[in-house]
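Working notes for the structure below.
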There are 2 protein chains.
Amino acid sequence: MAMSDTLKAISDPVRRQILELLRSQSYAAGEIASHFELKPATVSYHLKLLKQAGLITERKDKNFIYYDLTASVFEEVLSWIYSLKLGGDHDEQK
Amino acid sequence: MAMSDTLKAISDPVRRQILELLRSQSYAAGEIASHFELKPATVSYHLKLLKQAGLITERKDKNFIYYDLTASVFEEVLSWIYSLKLGGDHDEQK
DNA sequence: ATTCTATTTAGAAAATAATCGAAATAGAGT
DNA sequence: ACTCTATTTCGATTATTTTCTAAATAGAAT
């Protein structure tokens, strides 16, 4: 999970709204989709990117797929931003 | 400068490398460009986006334009990420 | 087994972003 | 005034991303 993917993931407004939605509780894909004026397929695409970036996880129940936020991944991003802010050493990322 | 612009700005690898370069000291546009295999016009385009996002500032000297990092803007981003990580209330952003 | 319902995948179209070459700007040095 | 040098802006091109429709998958319910 390169941080490049994480930053790319949070650079889109729709995906950020999804993350903010999941902040309070988990939702099934369809429930998430209903919060947007987008087709389910499109939301599914965004969920895939968020999943690939490690920002959310999925959990299947009946024929629903629930999504949850993964708090831990934000550490990396925080770390990178801090390094710029404070000027310390930090690894490059691709 | 909406945070949307900031996140968009740091989502590109070239722009992140520019930020990391400026972490240690300020550089003129041409010096920045020479660190990449990109034409000056292209780097200028990236600098413009970083400037619009409030991540860097420019300062003219002779016929050079020097760029500097703006540490303060990172606060917003940190704040947003923390809000997800910790689950507190936070404003929407567009 | 068939038919719902929920969701994803595949492929195409539309929208956005990155790159370049050429022309424009601006100030420095002659 | 002219000519360098540094950088940006403009317009066109290419590449990437987002969105959609239609078809595929999978499990639940009848």
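Because only heavy atoms are used, hydrogens play no part in the values below, and waters and symmetry mates are left out as well, while side chains stay in.
Aromatic ring centroids of B:Tyr27 and B:His35 lie under 6.0 Å apart.
A heavy-atom distance below 4.5 Å is not found between the side chains of A:Lys51 and A:Thr57. Within the 4.5 Å cutoff, side-chain heavy atoms of B:Ser4 are placed close to those of A:Arg16.
For D:dT19, the OP1/OP2 oxygens have a side-chain nitrogen or oxygen of A:His46 closer than 4.0 Å. Contact between the side-chain N/O atoms of B:Lys8 and the OP1/OP2 oxygens of C:dA17 is found at a separation under 4.0 Å.
When the side chain to side chain contact (heavy atoms under 4.5 Å, CB included) test is applied to B:Leu19, the partners found at least two apart in sequence or on another chain are A:Trp80, A:Leu84, B:Ile10, B:Leu50, B:Leu55, B:Ile56, B:Leu69.
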Readout for nucleotides 3-9 of chain D: B = base within 4.0 Å of protein heavy atom, S = sugar-phosphate only, - = neither; 5' to 3' it is --BSSBB
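In this structure, A:Gln52 places its CD atom 13 Å from C1' of C:dT8, rounding to the nearest Å. Atom CG in A:Leu38 sits about 14 Å away from atom C1' in C:dA15, given to the nearest Å. Atom-to-atom, NZ of A:Lys62 to P of C:dT7 comes out at 11 Å; the value is rounded to the nearest Å. What separates NZ of B:Lys60 from P of C:dA26 is a distance of 8 Å, to the nearest Å. Summarising the geometry, the separation between CD1 on B:Ile18 and P on C:dA18 is reported as 11 Å, rounded to the nearest angstrom. Rounded to whole Å, atom P of C:dT5 lies 18 Å from atom CG of A:Asp61. At whole-Å resolution of the value, CG in A:Leu49 and P in D:dT19 are 10 Å apart. The nearest whole Å value for the distance from the NZ atom in A:Lys39 to the P atom in D:dT21 is 5 Å.
For B:Gln25, the CD atom is densely surrounded, since the number of other residues' heavy atoms within 6.0 Å is greater than 12.
B:Gln17 places no side-chain N or O within 3.5 Å of a backbone atom of B:Val14 that could act as its donor or acceptor partner. For the pair B:Asp12 (side chain) and B:Arg15 (backbone), a donor-acceptor distance under 3.5 Å is present.
Using a 4.0 Å heavy-atom cutoff across all strands shown, B:Ile32 reaches no nucleic acid atom at all.
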